Amino acid sequence: MVSSFPDKITVTEAQAPTHEFETSVDNPTPSIGDTVTYTISTQETIPFVGMQFDLDFDPSVLEFVEGSFAYPGMLNTMEVNGEDDTVVTCIWMSSNTPSSTDITGTVATASFKVIGMGDATVTASNFYSQPDNMVFTMPQVNIAGTGVLSFECDNDKLTASDVMHVSVKAASMEAQQGIQFDVKYDNSMLRYVADSIKINEAVNSDGITSTARLMEDGNIRFVLVQTDKTKTLSGDTELFSFDLRPAENAEGTAQLSFEAIAAMPLMSSANKEITVYGSDVSAAVENAEALINAIPEEITDENYNDALTAYNAAKDAYDALTDEQKALVNNYEKLQAAAASFGNIDAVIEAIDALAPTAETYVDSKAAVEAARAMYGSLTDAAKANVTNYEKLTAAEETIAALTKQVEDTAAAVNTVVTATADNYADAKAAADAYRALTESQRSAVVLNEGVSAEAFLESFAALESQIDSVEDAISAIGAVTTDNAAEKKELINTAREAYEALNEAMRADVENYDTLVMAEALYAQYIGIDITVTKTEDSYTVDINDLRGSAVPQTVIIAVYKDGIPVSLNFAESDSEEPVTVSADTASEECRVFVWDSINGMVPFTSANINYEY
């Protein structure tokens, strides 16, 4: 039998494998206390009579919990045995023996509890089955927190004049009792900077002693010893640091690596690649850095022109670099800071040119205007004088101010009304009109008081509008009033009039088709006639207008007193007069006559007026 890990375990040496078992693990990076479950499965359908195999594990790291085969059998057992309990023997025999059982999918599971540090991988061995000739794979399992050595560099891309500070760190340590390793690097590429090794005080005190020294081969050896057995080093920490610089004429990729690691418990490591650039790249980068350094630390109105000259030279040199070279410039932040006074002039002009505030883009436009103002404000007074389109910024600010006032006035109006009612209809209408006039962007900026909702306010105002709509619908329902249908329209006219009168004055003003109601009432009066009764007393005539009282029909009743066929007096009364009209007369020699005039149609007399002379 040939056994290999982590590849495959074959049953026989003589035959090629014909079937394959795959094993998955539910937690490949467990911590102490976790349970790890291995699931053994096959994608084939295989007729098995029986099988047996061992699962090998480290009992100082893992403890077998339980396991079983997925298929019932005459024999189905997983038990720990072997020297020092290092093996779980797994045996299964088909309940159909000597016939086989078809097995597919999950074959068996085995669970282990992590109890200590170390390698938690379970391997398979001593595999026997009928049929024979199997392939078995097992996954790698690593205990989380065994510790990782790593490098942290302040710069991993070096030019000839750079110095790199290297920090050696240990992460995820658990009860570390001792560590020893070498830091290796290529001396033809990187050189150690003398006396740069610094050991972290935390790993050289309290019963833990550490040393780090440069050896003859150029490597650095670090040793950590636990001098007090009650002390251990845990968690994440820096062990020591040192400095490296590029070797003369070096160019290419160098590697920092950990060699000869000895630790309790064992630790893994992560190497680091360092790029060293040749003389051509170094000269261009160092020239740009020198020109950047020539820019004054503080730019004032007094040194503005000289500083601008220095800035332009530095910027030209930086812009001439490749993207790779630009990433190597160590003082680029200073060039960026100077750009706030120089280079940002173009950026400010560009930002102002882009301003086009509108109500539709209010929020974004407001932010853009404020950002442009902030950019302009960061310039020195001398730099501000070079912003050629400043007037466009102020114009944009005026536009934003007007749009902002619209938003704020609307918010104030809604906050005042809160809920629309008939009593506050005029104010509610103004607030609703203002809110509806806003764009979606402006509405998103409306700030209302706590408990005030724009949606609830608009809903309450819509209810008032619905009342007005109902009145308008009632008026529209009257339709055309003609001689033939005037009598039938009386009820519709009365309904519309009552609905209109139920509104308050402010709401009536918004009934857009009120003139239609007035005209309908006038036409009704024209076609049906007004009932007027004239009675005679000893010295007067009394005229009683008995119909359409309270309406707004624009008609005038003319009461004329005649003597010998000639009118001697004229009296006027409206057709909605609520009280009878009395005119003095010599009833023995004078006669009263009544006329109705339509002021809409140019004083044309209504011939259909029903006038009763009861004398």
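The first residue in the sequence is number 1, and the count goes up from there. Because the structure is predicted, anything quoted here is derived from the model rather than measured.
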Chemist: Name all residues meeting the side chain to side chain donor-acceptor pair (under 3.5 Å) criterion together with Glu398; count only those two or more places apart in sequence or in a different chain, and write none if there are none.
Modeler: none

Chemist: Between Phe457 and Val417, is there a side-chain heavy-atom distance shorter than 4.5 Å?
Modeler: yes

Chemist: What residues, two or more places apart in sequence or in another chain, satisfy side chain to side chain contact (heavy atoms under 4.5 Å, CB included) together with Val561?
Modeler: Val568, Ser569, Val583, Ala585, Glu590

Chemist: Can the positive tip of Arg508 be found less than 6.0 Å from the middle of the six-membered ring of Tyr514, inside 45° of the ring normal?
Modeler: no

Chemist: Keeping Asp433 on the side-chain end and Ala430 on the backbone end, is there a donor-acceptor pair under 3.5 Å?
Modeler: no

Chemist: Do the side chain of Glu238 and the main chain of Ser167 share a donor and acceptor less than 3.5 angstrom apart?
Modeler: no

Chemist: Taking the side chain as every heavy atom from C-beta outward, state whether Pro357 and Lys366 have any pair of such atoms under 4.5 Å apart.
Modeler: no

Chemist: With a 4.5 Å limit on heavy-atom distance, are the side chains of Tyr362 and Thr404 in contact?
Modeler: yes

Chemist: Hey, could you give me the CE/CG distance between Met375 and Leu393, rounded to the nearest 0.5 Å?
Modeler: 10.5 Å

Chemist: Side chains of Ser444 and Ser441: any donor to acceptor distance under 3.5 Å?
Modeler: no

Chemist: Under a 4.5 Å cut-off applied to non-hydrogen side-chain atoms, are Asp515 and Leu517 in contact?
Modeler: no

Chemist: Has the side chain of Glu286 got a donor or acceptor atom that lies under 3.5 Å from a matching backbone atom of Ser161?
Modeler: yes

Chemist: If we count only N and O atoms by modelled type, under 3.5 Å, do the side chains of Thr439 and Glu360 hold a donor and an acceptor together?
Modeler: no

Chemist: For residues 461-489, which residue pairs qualify under salt bridge (charged side-chain N to carboxylate O under 4.0 Å, His left out), counting only residues two or more places apart or in two chains?
Modeler: Arg436-Glu465

Chemist: Would you say Asp544's side chain and Pro580's backbone share a donor-acceptor pair under 3.5 angstrom?
Modeler: no

Chemist: Rounded to the nearest 0.5 Å, what's the gap from CD on Glu289 to CG on Leu335? Could you check?
Modeler: 11.5 Å

Chemist: Side chains of Phe572 and Val557, heavy atoms from C-beta outward: is any pair under 4.5 Å?
Modeler: no

Chemist: Give a yes-or-no answer on whether the side chains of Ser453 and Glu455 include a donor-acceptor pair shorter than 3.5 Å.
Modeler: yes

Chemist: Step by step, would you call Asp306 with Thr309 a side chain to side chain donor-acceptor pair (under 3.5 Å)?
Modeler: CA-CA 5 Å; Asp306 292 339; Thr309 300; 5.4 Å; no

Chemist: For Met164, does its backbone N or O pair with a side-chain atom of Asn155 as donor and acceptor, under 3.5 Å?
Modeler: no

Chemist: Which residues pass the ring-ring contact (aromatic ring centres under 6.0 Å, His included) test with Tyr390, not counting sequence neighbours?
Modeler: Tyr376

Chemist: Are the side chains of Thr421 and Ser460 in touch, meaning some heavy atoms are under 4.5 Å apart?
Modeler: no

Chemist: Pick out which of His165, Lys169, Lys272 makes a side chain to side chain donor-acceptor pair (under 3.5 Å) with Glu152.
Modeler: Lys169

Chemist: Does any donor atom in the side chain of Thr416 or Asp427 lie under 3.5 Å from an acceptor atom in the other side chain?
Modeler: no

Chemist: The test is side chain to side chain donor-acceptor pair (under 3.5 Å); show your working for Glu324 and Tyr277 and say whether it passes.
Modeler: CA-CA 10 Å; Glu324 185 179 32; Tyr277 291 90; 3.0 Å; yes

Chemist: Any side-chain to backbone donor/acceptor pair from Lys536 onto Thr587? Under 3.5 Å, distance only.
Modeler: yes

Chemist: Checking the side chain of Glu459 only, and the main-chain atoms of Ala456 only, is there a donor and an acceptor separated by less than 3.5 Å?
Modeler: no

Chemist: With a 4.5 Å heavy-atom cut-off, do Ile559 and Val581 have their side chains touching?
Modeler: yes

Chemist: Determine, stepwise, if the pair Arg443 / Glu440 fulfils salt bridge (charged side-chain N to carboxylate O under 4.0 Å, His left out).
Modeler: CA-CA 5 Å; Arg443 291 178 187 177; Glu440 288 297 326; 3.4 Å; yes

Chemist: With the side chain counted from C-beta on, respond yes when Ile493 and Lys490 share a heavy-atom pair under 4.5 Å apart, and no when they do not.
Modeler: no

Chemist: Are any side-chain N or O atoms of Thr399 and backbone N or O atoms of Ala395, one a donor and one an acceptor, separated by less than 3.5 Å?
Modeler: yes

Chemist: Can you list the residues that meet the side chain to side chain donor-acceptor pair (under 3.5 Å) rule with Lys157, with sequence neighbours excluded?
Modeler: none

Chemist: Could you measure the distance from the CD1 atom of Ile475 to the OG atom of Ser470? Nearest 0.5 Å is fine.
Modeler: 11.0 Å

Chemist: Strictly distance-based, threshold 3.5 Å: is any side-chain N or O of Asp364 a donor or acceptor partner for the main-chain N or O of Thr361?
Modeler: no

Chemist: Tell me yes or no: between the side chains of Asp586 and Ser589, is some donor less than 3.5 Å from an acceptor?
Modeler: yes

Chemist: Got a second to check how far Asn612's CG is from Thr535's OG1, nearest 0.5 Å?
Modeler: 11.0 Å

Chemist: Answer yes or no: is there a donor N or O on one side and an acceptor on the other, between the side chain of Asn485 and the main chain of Val481, under 3.5 Å?
Modeler: no

Chemist: Who are the ring-ring contact (aromatic ring centres under 6.0 Å, His included) partners of Tyr425, not counting sequence neighbours?
Modeler: Phe461

Chemist: Heavy-atom count around Lys563 NZ within 6.0 Å, excluding the residue itself: above 12?
Modeler: no

Chemist: May I have the step-by-step check of side-chain contact (heavy atoms from CB on, under 4.5 Å) for Ser584 and Asp539, ending in yes or no?
Modeler: CA-CA 6 Å; Ser584 299; Asp539 56 358; over 6 Å; no

